[in-house]
Undergrad: 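My questions all concern the structure below.
Given the structure is predicted, the values throughout are model-derived calculations rather than measurements. To find a chain, count down the sequence lines: A is the first, B the second, and so on, and within it residues start at 1.
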Amino acid sequence: MISDQAKKEIDIWVAKYPEGRQSSAVMQALTIVQKENGGSLTNELKQAVADYLEMPTISVEEVATFYENYNHKPVGKHVIRFCHNISCMLNGSDELISYLEEKLDVKTGEISKDRLVSVKRVECLGACVGAPMCQIGDQYYENLTKKRIDEILDGLK
Amino acid sequence: MMVDIEIEIDGKVVHGYPGESLISIADRQGIDIPRFCYHKKLSVAANCRMCLVDIEGNPTPQPACSTLSSAGMKVHTNNEKAKTAQKAVMEFLLINHPLDCPICDQGGECELQDVAMEYGSDISRFTEGKRIVDDKGIGALIQTDMTRCIHCTRCVRFGAEVAGIVEMGATGRGEDLKIEPFLSEGIQSELSGNMIDVCPVGALTSKPFRYEVRSWQMNSIQTIARHDLVGSNIFTQTHKNKVKRVVARDNESINETWISDRDRFSYQGLNSENRVLIPKIKVKGEWKDASWSDALDFATNGIKKNAKEGSQFGTLASKNATLEELFLLQKFTRGLGSDNLDYRLDTSNPFNAKVLESNISLTELETIDHALIVNSYLRLEQPMINHRIRKATLNGASVSTINAKAFNFNYRISQSVLTSPQNTVATLSGVLKALLDKSSQTLPGYLNSVTIDQTHIDIANALSNAKHPVVVLGEHVNGNKCSDQVAQLVANIAKASEAKTLNASLTGNAHSAERVNFKPDNGKNALQILSSDLTAFILFDIYPNFDCIESKNAIEHLSRDDAFVVVMNSFDDESVLSFANVILPIASFYETSGTHINVDNIAQSYSASVKSAGESKPGWKVIKVLADLLNLEGFDFTDSSQIADEALSLSPSFSEIEVPISNSEMPNVATVWQYTPYASDVVVRHASSLQQTRIGQMSEASVCKATAKLLKLSEGDLYNGIPVNINESVAEGCVFVHTHLPRQLGVI
Ligand code: SF4
Ligand code: FES
Ligand code: FES
């Protein structure tokens, strides 16, 4: 279920914690297997992570559902993580999200027909100064407007 | 020595231990502080905030469950500030609660309802929509209505801390937080029903009890659970002469506040269709209903005619019978001049009880620092004993096992030695030799030729390094032809390592049977009774298909034309009909008064919770009348407590015998046959909800590759009717059967 390469990467994290505390590496492990699985987790993967880190599966599930970094349904090649928390909301994130949905013809939580993008609402990403904002991959995009969104989408391949 | 400190609660000076929480001091003093997440047996989570109290000098109210007392503290649980805080918390908690008390089984015994009555407001200021949670379902025993959940996490902590299997968890976040298991495949713990008791609201309730009757309509009767060696304290809750529910009753030295699922849900068996309700006699091969007096005459005449001499008569009784029943039955049998009697029906060599005593108490089990478990899947066999050992492991004790299979314990096993029944004597001899070598003691002759390997040394080291070790012997030994030697070696190992011992091989009310000497002094034991030429029998609550080790032979033997078999049973059974001559219906669990003696030798008496089903009568009365009809002396009892008094005046006897260790002839491949805990006696076998659980459904003959090849078995084949599962967690040379199906399918 988990590739040898992924196991190697997980082991690096496990090594950072005291012996017997391998379960502390659960967040990194989930991130690693999620990436390998095209951006989302499955029950089998969570089970595999639990087995690998010798922890109860429900404990993995607790972590995986608490943080928004993890996706539980398949996602597009690019995930647009749109902040809808207070600062962004006050600066019009709701309207921009609707615009995005309309333009891509997807609802938040879904994948576009060409499977290129999916949109997800997330909580504050700590970039309130640039509200409204979103994150795609490792990149933050701030001070968003409809025009800026058009440009960003055009750049996605 | 603990120093106590003085604090003041509501103007009253009270004492507490340093580091004790305010709520625990208040509880001891009978001062009421509302709470939801706090539970005296679980860790403190302090997440519900219901227990807020005002502490002088503190600007804000503090949770009483997580605030530790310190000398001189002045606490107010019901001044303006405390009350306001508690009311506010209550209002928050009720925001998402459905308030569906009229259709909730918890209604009337709900902590939330009680506290809301006192602290809640009668008008809600909340006009938004309420949260609704989808129910995944978690198996046959626990009904979930998670919309009612208040996220106290008691059930989650119970799983992690007590059951030792983390099944429930808190997934999601904020408004989406849900308490649920990972998959809805059903909870696996053998203690899961306790989650119902700890849940303060109606989110987790008893599924078999759902919508049966309102809690305040029932009577609660204090009684004792009879399935295992512990005798957990319970309440049977009855309505219109039916047991509707069983809940735990606190008894710190026996079951604390917990009970096993077997004890909680087995009562369902009583209401099964399959009860024997009227006496029956077999005339010319045809079964006829009969009146009690006809049936009793038929029985006594048959016994008189068929057993001209006492030695032609034999009695077998269930290990779950009451002390009173066992006492009267042995008196009856001996009164007839027979010494053929036994309760050890599932043992192929019934001496293990004699050789190994239990000399450690339940509470003492928590203080051990090493346990060696031999021939036992203790978690399923004796859940409450296993729970005490688990508690010891939480305090750092280690556990090693010598078993035919690697089982799923709820604590870590530091050394697991896989040993087939044939090799158990050799393995234990190895451990004993290693132990004696270590302390350079002289070896008894039988150890000279024994070779020891590293695993023996490891176990010996673990035992000798421990200050308070215990050796536990379990059920699997019963099928072993050399069980007496195994028990002897366990006793010798315990002696050599100054360990305590716990003999869990004979369960149920076996300690009562031992107390009244329900076994032959010189006469025939169970196997002999079922294979020699006796001509009259009494079988007391026995169902040979399941209960007898050589069930097929037993049934054939009892079916002989010249055998007259009097059966006193509480349940109907096809095979019993085939060999019995008369069936006298007797009261089952909770329908008769009686006494259970537990592993600590504590005798616990109970009265009947409900009247016995149909025309059935309490077993002790039936035996008494039979004795009277046969003019036996010494049966002038009018009350079961008189019988108990006489029986308990016998002191517990443990006559040590020394079994020689020798090389016995053993089969190449041996079978260990273990029933699921929900097939261990006739009542629980009829409890339908337990049968639907994952534990109840287990039916598997595990065998390793090499042995499978030897026996020409492949995955999925049937071995004595049980599906084969090939895996390497089983010792070579044995088949480990774990099932709810009767043994009769094959001769084991
Ligand atoms: S189900 Fe009951 S015990 Fe579990 S968290 Fe909810 S309210 Fe508490
Ligand atoms: S609220 Fe959007 S980044 Fe903080
Ligand atoms: S009982 Fe104290 S916070 Fe819940």
Undergrad: Which bit of L183(B) comes within less than 4.5 Å of chain A, counting heavy atoms only: side chain, backbone, both or neither?
TA: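 The side chain, not the backbone.
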Undergrad: Taking every non-hydrogen pair under 4.5 Å, which of T65(A), I58(A), V63(A) racks up the most with chain B?
TA: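 Of the candidates given, the most pairs with chain B belong to I58(A).
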Undergrad: Only one of L380(B), I389(B), V399(B), N386(B) passes side chain to side chain contact (heavy atoms under 4.5 Å, CB included) with F409(B); say which it is.
TA: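 When side chain to side chain contact (heavy atoms under 4.5 Å, CB included) is applied between F409(B) and each of L380(B), I389(B), V399(B), N386(B), only N386(B) qualifies.
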Undergrad: Salt bridge or not between E256(B) and K391(B)? Use side-chain N to carboxylate O under 4.0 Å.
TA: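 So E256(B) pairs with K391(B) through a salt bridge.
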Undergrad: Run the salt-bridge test on R379(B) and E190(B) with the 4.0 Å N-O cut-off and return the result as yes or no.
TA: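 Counted as a salt bridge, because a side-chain N and a carboxylate O are separated by less than 4.0 Å.
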Undergrad: Against chain B, label E68(A) side chain, backbone, both or neither, depending on which of its atoms sit under 4.5 Å from a heavy atom there.
TA: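 Interface part for E68(A): both.
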Undergrad: Dump the intermediate steps for ring pair (Phe, Tyr, Trp, His ring centres under 6.0 Å) on F407(B) and F736(B), then the final yes or no.
TA: CA-CA 11 Å; F407(B) 299 110; F736(B) 190 91; 5.1 Å; yes
